[in-house]
2 protein chains.
Amino acid sequence: MIDIYESFENLNEDKKQSILNAGFRIFGEYGYSKASIEDIVKEARISKGSLFYYFGSKKNYFLYIYEYAANIMKELVDSPGKNGIPKYMEKTDFFERLEDIKERKMILAFLHPHMGGFIKKAPFEVSKDIFKEIQLINQRLAHERIADFFDNLDVYKFKDGVEPFMVLQLISWCSEGVVNQIQIKNLMNPESKQNEIDYNEVIQLYDQYVVMIRKNFYKEEYL
Amino acid sequence: MIDIYESFENLNEDKKQSILNAGFRIFGEYGYSKASIEDIVKEARISKGSLFYYFGSKKNYFLYIYEYAANIMKELVDSPGKNGIPKYMEKTDFFERLEDIKERKMILAFLHPHMGGFIKKAPFEVSKDIFKEIQLINQRLAHERIADFFDNLDVYKFKDGVEPFMVLQLISWCSEGVVNQIQIKNLMNPESKQNEIDYNEVIQLYDQYVVMIRKNFYKEEYL
DNA sequence: TTTGTAGTTGACCAGTTCGGTCAAAACAAG
DNA sequence: CTTGTTTTGACCGAACTGGTCAACTACAAA
């Protein structure tokens with residue numbers, strides 16, 4: 001990321017975030033080719049000229065926000081703890097580590113609500129040559145993260161026959177599901193704010209599921 | 001659904017399914033306005049002229065496949081048993097009912113792999129006036145289905161403190177997650193068939209999760 | 001063989017939308 | 001004021017849009 005884009009990077013933070021999030025949302029919803037600059041600048045509340053002034057082309061803009069997103073994801077994985085060790089590694093309990101990740105994920109979801117969807121859809125959109133490798137990198141990162149998560153973990157606390165990896169998977173699907181559910185509920189309610197998500201509501205519901213899972217998958221002596 | 005569309009309905013089954021599925025996939029992926037007829041007829045492997053010969057307009061085509069999908073969903077809910085009673089109601093055990101629904105869902109997913117995504121996205125796409133009510137109907141149907149599912153069910157078999165509705169929700173998210181996971185795995189594998197899903201693989205993985213959930217959420221005497 | 005009919009095609013149409021440009025306006029700081 | 005930096009939206013040619021239609025195929029009836 002060279003400083004070709006300094007005109008963009010010198011913008012104030014609110015505007016930058018708005019421009020990034022607009023890209024995440026529109027590209028994430030329609031994909032690269034079907035997402036129009038018009039849609040994006042309307043969402044970001046800037047003029048078309050400005051976007052081309054900052055990035056030069058649609059492709060550059062896409063690559064820029066993709067790289068931005070990838071960096072954020074990497075930071076989330078590396079989770080820069082105080083002493084070089086990822087912060088959540090200090091805990092050895094499954095659900096305590098989970099809490100730590102939850103917190104970081106929530107902050108991210110608050111800053112960039114549509115980044116997840118964008119990252120998911122992006123690799124399948126532009127010329128395969130470039131993105132096949134990026135996709136592989138992402139996959140590798142995900143695997144490493146999972147491996148890290150289980151490193152030095154108190155797996156013995158789970159009941160016999162309960163596979164900790166499956167539990168992590170289940171909870172991950174659960175968190176996605178909870179967000180979706182709240183989102184749909186909001187869309188049904190006409191007086192709710194357009195795309196805002198009440199994360200307190202999300203966390204509250206999510207926690208209910210985690211509690212239920214913990215209570216039944218952990219050995220009684222560790223509850 | 002009047003017989004204005006008899007030219008379409010007289011087509012052989014394969015062709016009809018192909019045309020329906022193309023609509024489900026393309027509308028489901030891009031939404032009504034961003035999905036082009038060109039995309040759809042290419043996916044369905046028919047000519048543009050034919051599609052307009054069958055349906056007259058893009059809007060008619062969309063409404064037709066939406067109504068088709070809604071009817072299928074309704075049938076899935078009503079689940080026409082032999083004697084008027086939905087077939088799965090014969091069983092009073094949570095997981096036995098689930099098995100019954102799983103089977104029916106798998107058949108549906110095999111016939112119309114992208115119908116779910118289409119149904120989810122459709123109501124937010126065209127003019128709100130028409131679709132707000134449709135959406136409400138869908139919501140009501142879903143609620144009824146859930147109410148039916150819990151009607152005369154052996155809820156006592158669950159451990160104390162386990163909320164059966166949450167378990168159903170969890171399993172539902174789980175099945176979505178499993179399908180996604182297999183799909184991504186296939187996309188990574190370059191030699192796999194483009195959009196085909198190996199449902200045996202899906203079921204096998206899904207069953208693992210259900211077994212784990214059943215084993216830990218049911219009282220021991222009912223295992 | 002000829003004729004009639006239903007089904008299918010893709011080149012073509014006019015209108016819109018696309019990514020991208022640019023002259024002018026707005027702004028900032030002397 | 002001057003000078004330099006941002007920001008704007010009308011505008012451009014090209015691409016794409018939903019929709020049309022004359023020509024064509026397939027096949028059955030006569």
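Chain A is the first sequence line, chain B the second, and so forth, proteins listed ahead of strands; every chain is numbered from 1. Basis for what follows: all heavy atoms, side chains included, without hydrogens, waters or symmetry-related copies. Remember, predicted model here, so these are calculated numbers, not experimental data.
Here B:Ser50 lies in heavy-atom contact (under 4.0 Å) with a base. Within the 4.0 angstrom heavy-atom criterion, no nucleotide atom of any strand lies near A:Tyr61.
Going from atom CD1 of A:Ile40 over to atom P of C:dC18 covers 10 Å, rounded to whole Å. With rounding to whole Å, B:Phe52 atom CZ is found 7 Å from D:dG18 atom P. The interatomic distance linking A:Glu9 (CD) with D:dT6 (P) rounds to 13 Å, in whole Å. When the C1' atom of D:dT5 is taken as reference, atom CD of A:Glu6 falls 12 Å away, rounded to whole Å. Protein atom CD1 of A:Ile37 is 16 Å distant from nucleotide atom C1' of D:dC12, rounded to whole Å. Whole-Å rounding puts the A:Arg45 CZ to D:dG9 P distance at 14 Å. With rounding to whole Å, A:Lys58 atom NZ is found 15 Å from C:dT17 atom P. Straight-line distance from the CZ atom of A:Phe55 to the C1' atom of C:dT21: 18 Å, rounded to whole Å.
No donor-acceptor pair closer than 3.5 Å links the side chain of B:Lys34 to the backbone N or O of A:Gly31.
Side chain to side chain, A:Tyr64 and A:Glu9 meet the donor-acceptor criterion of an N or O pair below 3.5 Å. Looking at B:Gln17 and B:Glu13, their side chains do bring a donor and an acceptor atom within 3.5 Å of each other.
Among C:dT8, C:dT21, D:dT7, the nucleotide with an atom closest to any side-chain atom of B:Ser47 is C:dT8. Nearest to the side chain of A:Lys15, among D:dT7, D:dT17, D:dG19, sits D:dT7. Side-chain proximity of B:Lys34 to D:dG19, C:dG19, C:dC18: nearest is C:dC18. In this structure, of D:dT8, C:dT21, D:dG19, it is C:dT21 that holds the atom nearest to the side chain of A:Lys48.
Closest-nucleotide positions on DNA chain C for A:Asp39 and A:Gly56 were compared, and the one nearer the 5' end corresponds to A:Asp39.
In this structure, B:Lys120 does not pair ionically with B:Glu29, as no charged nitrogen and carboxylate oxygen lie closer than 4.0 Å. The residues A:Asp39 and A:Arg25 are annotated as not salt-bridged, no charged nitrogen and carboxylate oxygen being separated by less than 4.0 angstrom.
OP1 or OP2 of C:dC18 lies within a sub-4.0 Å distance of a side-chain N or O belonging to A:Ser36. Using a 4.0 Å cut-off, no side-chain N or O of B:Tyr53 falls inside it from OP1 or OP2 of D:dT20.
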